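This report refers to the structure that appears directly beneath it.
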Amino acid sequence: MISVVEAKKLIDDNTKLLQSEMVQLYEATGCILAQDIFSPMDTPPFNQSAMDGFAFRFQDWDGKNKLKVIGEIQAGNYFSGMLKKGEAIRIFTGAPVPDGADTVVMQEKVSVVEKQLFINDSQLKKGANIRLKGSHTGKGNLAMKSGSKITPGAAGFLSGMGFSEVKVFPFPWVCIITTGKELMQPGNKLENGQVYECNSYSLNAALSELGIKRKKIFSVDDNENKITVLIRKNLPDCDVMIVTGGVSVGDYDFVNKAFENCGVKTIFHKVKQKPGKPVFFGTYRNTLVFGLPGNPAAVLSCYYEYIVPALRKMIGFEKGMETKYKLPLSSSFIKKGGLTYFLKGKISVNEVIPLQQQESYQMNSFVFADCIIELEENKTDYHKGEIVEVHPLN
């Protein structure tokens with residue numbers, strides 16, 4: 001049995017970046033850029049009106065004289081001529097400012113009588129209300145660095161430069177297999193001795209929260225042959241496999257044997273922690289294989305502590321981007337020595353609160369938890385106000 005620190009290092013050592021690929025920008029949200037992005041154009045690509053108003057040459061206006069309105073420019077159109085002395089043109093937000101014009105006055109500050117423009121803005125300055133060509137990004141300039149996340153703002157920024165696809169580290173294919181003869185899918189009637197299967201639902205939701213949509217989900221009986229067949233069939237097509245239940249040493253715990261049957265290389269089995277001591281980690285070619293205990297709170301604790309860091313590394317997040325806090329405990333806590341404890345917690349303004357119902361089968365505290373509190377392996381007594389390590393869930 002190894003320590004939590006050793007287990008995390010072994011997972012990290014065996015986790016590699018996925019091969020980058022070009023994806024449609026619509027599908028890239030949450031992904032990490034795999035290349036530097038240089039602007040292929042000036043944005044705006046022309047001097048652009050920042051509002052509805054009138055464009056004119058500032059030198060033609062002495063603060064009270066009138067200008068002649070010669071037409072209008074709607075966004076999407078342009079004026080092919082040169083604005084002459086004493087002329088103005090009606091212009092709308094986003095439209096190209098015509099050659100010769102250097103100022104736009106907003107429509108609320110003017111009056112127009114028989115195509116004669118009177119400007120009523122004593123504060124107006126030359127160059128007002130014009131977005132200059134290239135003022136957003138200049139052609140050839142570095143727009144986004146490799147390693148940047150495609151956020152909604154980034155998607156809008158990139159599309160505004162004409163990109164419809166980008167090179168990113170893709171989200172992995174994840175296969176979830178829940179095992180247990182006692183498990184019944186929600187929506188069906190329970191028979192004696194059965195419970196509803198919930199691990200696939202919590203894992204599916206947690207993966208979706210991370211942006212991972214490429215998933216396969218299966219449920220199988222406690223049968224070595226059936227488990228082996230299902231694992232063998234899906235191992236080659238996934239980047240990460242998560243199997244819940246059957247990883248301990250009971251008479252009906254067949255997952256470890258099934259892994260062996262399928263050629264999965266064992267990296268470790270059992271970690272000095274609570275909950276989730278029987279956790280398994282192995283590899284099959286380039287696939288990461290996790291065997292988690294069946295108790296639902298243990299499944300989620302192991303997912304957040306071990307699988308999330310691996311997934312983040314696979315899709316290009318830098319290790320330094322992981323978020324951890326040091327916060328004082330809101331109350332004292334006594335634990336068993338020799339085990340790292342993972343407690344479901346709630347972050348308050350200036351402390352962290354260990355929630356009630358910490359047993360590995362109790363999921364109700366996870367409903368309210370926004371963090372996991374890590375208590376050290378060799379420490380037993382924690383006092384109120386003592387500083388502990390806190391791992392936010394989102």
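Small disclaimer: the values here were computed from a predicted structure and weren't measured.
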Margin query: Both conditions, 6.0 Å and 45 degrees, for the charged tip of K379 above the ring of Y382: are they met here?
Written below: yes
Are the side chain of D221 and the backbone of N223 linked by a donor-acceptor contact shorter than 3.5 Å? no
For N364, look at atom CG and say whether over 12 heavy atoms of other residues, nucleotides or ligands are found less than 6.0 Å away. yes
One should read off an interatomic distance between C31 SG and I150 CD1, to the nearest 0.5 angstrom, of 7.5 Å
- Query: Among side-chain atoms of N261 and T228, is any donor-acceptor pair under 3.5 angstrom?
  - Reply: yes
Separation between CG (L339) and CD (E376), nearest 0.5 Å, reads 13.5 Å
Smallest heavy-atom separation, P98 atom then I73 atom, equals CD-CD1, 3.7 Å
Margin query: Between I347 and V390, does the side chain to side chain contact (heavy atoms under 4.5 Å, CB included) criterion hold? Intermediate values first, please.
Written below: CA-CA 9 Å; I347 297 173; V390 177; 4.0 Å; yes
For this session: Go through V255 and F280 one step at a time and tell me if the side chain to side chain contact (heavy atoms under 4.5 Å, CB included) criterion holds.
Result: CA-CA 10 Å; V255 170; F280 170 97; over 6 Å; no
Could E260 and K257 be called an ion pair, given the rule that one side-chain N must be under 4.0 Å from one carboxylate O? yes
Review point. Looking at F54, does the NZ or CZ of R90 lie under 6.0 angstrom from its six-membered ring centre and within 45 degrees of the ring axis?
Key: yes
Checklist entry - Do side-chain atoms of D239 reach the backbone of T287 as a donor and acceptor pair under 3.5 angstrom? => result no
Test: K272 and E377 ion pair at under 4.0 Å:
yes
| said: Is it the case that atom CG in D62 sees more than 12 heavy atoms from other parts of the structure closer than 6.0 Å? | reply: yes
Is the positively charged end of K335 above the ring of Y341, judged by distance under 6.0 angstrom from the centroid and angle within 45° of the axis?
yes
Q. Is a donor on one side and an acceptor on the other found under 3.5 Å between the side chain of Q194 and the backbone of E191?
A. yes
inquiry  = With a 6.0 Å cut-off (strictly less than), is the heavy-atom count around CZ of F118, excluding the residue itself, greater than 12?
reply    = yes
NZ/K216: more than 12 non-hydrogen atoms of other groups inside 6.0 Å: yes
query = Between F281 and F290, what is the ring plane arrangement, given parallel below 30°, perpendicular above 60°, and tilted in between?
reply = tilted
Rounded to the nearest 0.5 angstrom, the NE2-OG distance for H383 and S331 is 12.5 Å
message: Are more than 12 heavy atoms, taken from residues, nucleotides or ligands other than F368, located less than 6.0 Å from that residue's CZ atom?
response: no
*Assess whether side chain to side chain contact (heavy atoms under 4.5 Å, CB included) is satisfied between V352 and V388, documenting all intermediate values.*
CA-CA 9 Å; V352 63; V388 293; 3.8 Å; yes
Could you tell me whether the side chain of N47 and the main chain of K133 form a donor-acceptor pair under 3.5 Å? yes
Please check if the side chain of D42 supplies one atom and the backbone of P44 the other of a donor-acceptor pair under 3.5 Å. no
Open item on the list: Between K8 and E305, does any side-chain N to carboxylate O distance fall below 4.0 Å?
Closed with: yes
For L327 and E351, the nearest pair of non-hydrogen atoms, with its separation, is CD1-O, 4.2 Å
If you measure only the distance, is there a donor-acceptor pair under 3.5 Å linking the side chains of T178 and T244?
no
Closest heavy-atom pair, M144 versus S148, reported as atoms and distance to 0.1 Å, is CE-CB, 3.5 Å
_Parallel, tilted or perpendicular: which one describes the rings of H136 and F157, with boundaries at 30° and 60°?_
tilted
May I ask you to decide if K384's main-chain N or O and S332's side chain share a donor-acceptor pair within less than 3.5 Å?
yes
Notebook entry, point to check: Less than 4.0 Å between a side-chain N and a carboxylate O, is that true for E389 and K326?
Noted result: yes
ask   = Is it true that the side chains of T93 and D52 contain a donor and an acceptor less than 3.5 Å apart?
value = yes
To the nearest 0.5 Å, atom OG1 of T151 lies from atom CG of L158 at 8.5 Å
Counting distance only, does the side-chain N/O of S135 pair as donor-acceptor with the main-chain N or O of L132 below 3.5 Å? yes
Rounding to 0.5 Å, atoms CG (N256) and CG (D253) come to a distance of 7.5 Å
Hey, is D102 close enough to R57 for a salt bridge, meaning N to O under 4.0 Å? no
Scanning both residues in full, the closest heavy-atom pair of C262 with I231 reads SG-CG2, 3.7 Å
Quiz prompt | Expected output: side-chain T266 to main-chain G282 donor-acceptor under 3.5 Å | solution = no
Q35 atom CD, over 12 foreign heavy atoms within 6.0 Å: yes
Heavy-atom nearest pair, Q19 first then P170, reads O-CD, 3.1 Å
ask   = side chain to side chain contact (heavy atoms under 4.5 Å, CB included) between V104 and F56: does it pass, once the steps are laid out?
value = CA-CA 6 Å; V104 172; F56 67 101; over 6 Å; no
Practice prompt. Please answer whether the main-chain N or O of R285 pairs with a side-chain N or O of T283 as donor and acceptor at a distance below 3.5 Å.
Written response: no
Checklist entry - Counting only heavy atoms not in Y361, do more than 12 fall under 6.0 Å of its OH? => result no
> Quick one: does D60's side chain get under 4.5 Å of L67's, heavy atoms only?
Replying inline: yes
- prompt: What class does the angle between the rings of F366 and Y304 fall in, given that below 30° is parallel, 30 to 60° is tilted and above 60° is perpendicular?
  reply: tilted
Q) So, the side chain of D222 versus the backbone of K181: is there a donor-acceptor pair under 3.5 Å, distance only? A) yes
- Query: Is the count of non-hydrogen atoms from other residues, nucleotides or ligands lying under 6.0 Å from K215 atom NZ greater than 12?
  - Reply: yes
In short, E224 meets A258 closest at the heavy-atom pair O-CB, 4.5 Å
Classify the side-chain pair T15/K313 by whether it contains a donor and acceptor separated by less than 3.5 Å.
no
Query raised in the report: Is the closest side-chain donor-acceptor distance between S200 and E197 under 3.5 Å?
Result: yes
